[in-house]
Amino acid sequence: MQISSVGGMGLLDSLLGAEGRKSFKRKDSDAGEAGKALEELRGSLYNELRTSEGAKRQQQRFCGPVVAMTFNFFVAVGIILTNKLVMGRVGFNFPIFLTLLHYAVSWLLLAIFKTLSWLPVSPPAKTTPSSSIFLLGAIMAFASGLANTSLKYNSVGFYQMAKIAVTPTIVLAEFVLFRKTISFKKVLALGAVSAGVAVATVTDLQFNAFGACIALAWIVPSAINKILWSSLQQQANWTALALMWKTTPITIFFLLALMPWLDPPGVLLFKWDINNSCAILSSALLGFLLQWSGALALGATSATSHVVLGQFKTCVILVGGYILLDSDPGLVSLSGAVFALAGMSVYTSLNLKESKDGSNKQIPVQTPVSKTKTSENGSEDSTVIKTTNDV
């Protein structure tokens, strides 16, 4: 066996020659280096997720504004259709309890992520006051619960009119809290969006006294909720999942407190068969995705941009129904939707322009400056590189 093995090696050497042997060794070396590089990349990625700053960088890398807002758009459309099925055909008329199920399923999934070490690390406790986390959890309960209650007692038109009022509320709150201002062009664009959505939904405007009170009570918590989600992620290195893990138990507690006041009695007497339970569970799973995608969008953009995205969703559903489903909302509603979409396009272009200008200001520009330096033996020219930052 040894003789045949040696003979085989000799035959292989004679066929390949010296260059062939070098090629095989080079390929083995390249494969080893590639495997080593892959292990180093995997290790660095794992270490990156072990810190809040690294996890935040990974979220910004893989989920930019376009990805986050597209994700949120499709999930929002899906949960609207599912909730219409749950509250309409299924007949589940308990909006606060439905919201509670959304957050309970979210907390369960986050607990599984935590067990599997998939949950990003939270920032140090000293960087974010516990009062801010508690406030966000409480406000989120009121914002989500009152939104579903408003959708139950109001028409779609009145519900959209209330959402329009969130936009100026956010602008005013950000000015009061952070002294943040927006340009006059953006004000005009947001005015066009609000006016267009109002015209598009005015045909479905039905007034209900209790529903109107719920809608008005929902406006301020909704605006503050979006502002806090955006500011904590952008200024305190929170990721969406880590912040959800901290705030969801607080939200569940306040939703339990709201249930006796806003939900009708009889939730335990509901017909919990397989079909109804699957529909409600689907709504709860989409609720987790909606909360996650909304948090990603707020972390990647701003509270105002997230509201504009919601109004864009309304107009797309209206125009899409006319084009694809042969629905006829009327010329006035279609004109309002098109006008609102035009305003959203202007607002988006202004945001992109400001973002581009801001990134250009951060890039250092190297300009060669010719400077003459004289020595004892004579004069010589030397080029000095001067680094300037545009501010």
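Note that this is a predicted model, so its numbers are computed, not measured. Counting begins at 1 with the first residue of the sequence.
L216 and Y153 fall within the same hydrophobic cluster, where Ile, Leu, Val, Met, Phe, Trp and Tyr residues are linked whenever their side-chain heavy atoms come under 4.5 Å apart, directly or through other members. Linking ILVMFWY side-chain heavy atoms closer than 4.5 Å, directly or via other members, places V187 and F339 in two distinct hydrophobic clusters. No chain of hydrophobic side-chain contacts below 4.5 Å, direct or via other Ile, Leu, Val, Met, Phe, Trp or Tyr residues, connects V220 to L172. Transitive grouping of hydrophobic side chains (ILVMFWY, heavy atoms separated by less than 4.5 Å) keeps L188 and V171 in distinct clusters. Side-chain heavy atoms closer than 4.5 Å link hydrophobic residues (I, L, V, M, F, W, Y) into clusters, and following such links, possibly through other members, connects L241 to I112.
The ring of F254 has its center closer than 6.0 angstrom to the ring center of F134.
Separating the NZ atom in K180 from the CD1 atom in I170 is a distance of 10.0 Å, to the nearest 0.5 Å. How far OG1 of T149 is from CG of L98: 10.0 Å, rounded to the nearest 0.5 Å. Distance CG/L289 to CZ/F71: 5.0 Å, rounded to 0.5 Å. For the atom pair OG of S132 and CH2 of W238, the computed distance is 10.0 Å after rounding to the nearest 0.5 Å. Rounded to the nearest 0.5 Å, atoms NZ (K226) and CG (L228) are 12.0 Å apart. Within the model, atoms CG of N148 and CE of M87 stand 4.5 Å from one another, a figure rounded to the nearest 0.5 Å.
Of all heavy-atom pairs spanning M244 and F288, the tightest one is CE-CE1, 3.7 Å. Nearest heavy atoms, P65 versus T301: CB-CG2, 3.8 Å. In this structure, A300 and A68 approach most closely via the heavy-atom pair CB-CB, 4.4 Å. Closest non-hydrogen pair, P123 versus N237, comes out as CG-O, 3.5 Å. Nearest heavy-atom pair across T128 and A236 is OG1-CB, 3.7 Å. In this structure, T239 and Q233 approach most closely via the heavy-atom pair C-OE1, 4.0 Å.
Residue K246 places its NZ atom among 12 or fewer non-hydrogen atoms of other residues, nucleotides or ligands, all under 6.0 Å distant. For I274, the CD1 atom sits in a loose shell: 12 or fewer heavy atoms of surrounding residues, nucleotides or ligands are nearer than 6.0 Å. The environment of F184 atom CZ is sparse: at most 12 non-hydrogen atoms of other residues, nucleotides or ligands sit within 6.0 angstrom.
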Can you give me every donor-acceptor pair (side chain of residues 258-268, partner residue at least two apart or in another chain, under 3.5 Å) with its distance?
residue : atom : partner : partner atom : Å
D263    : OD1  : I96     : N            : 3.1
D263    : OD2  : I96     : N            : 3.4
D263    : OD2  : F97     : N            : 2.8

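Checking S122 against W245 by side-chain atom types alone, no donor-acceptor pair falls below 3.5 Å. Side-chain contact, N225 with W229: a donor N or O sits under 3.5 Å from an acceptor N or O.
Of the possible polar contacts, none joining the S144 side chain to the A141 backbone as a donor-acceptor pair under 3.5 Å is found. Formation of a donor-acceptor pair under 3.5 Å by the S150 side chain with backbone atoms of L146 is not found in this model. Without hydrogens or angle criteria, T70 side chain to V66 main chain gives a donor-acceptor distance under 3.5 Å.
Ring geometry for F113 against W118 counts as tilted: the plane angle lies between 30° and 60°, on a 0 to 90° scale.
The shortest side-chain heavy-atom distance between L298 and N72 does not fall under the 4.5 Å cut-off. Side-chain contact between F270 and I280 is present, with heavy atoms from C-beta onward closer than 4.5 Å. By the 4.5 Å heavy-atom criterion applied to side chains, T251 and Q291 are not counted as neighbours. Proximity of V166 to W218: side-chain heavy atoms (C-beta onward) are separated by under 4.5 Å at one or more points. Contact check for H102 versus I79: side-chain heavy atoms found under the 4.5 Å cut-off.
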Item to check | Audit row: I133, L243, side-chain contact (heavy atoms from CB on, under 4.5 Å) steps and yes/no | outcome: CA-CA 8 Å; I133 303 297; L243 197 53; 3.8 Å; yes

Checklist entry - Step by step, would you call L109 with L285 a side-chain contact (heavy atoms from CB on, under 4.5 Å)? => result CA-CA 9 Å; L109 292 173; L285 291 173; 4.3 Å; yes

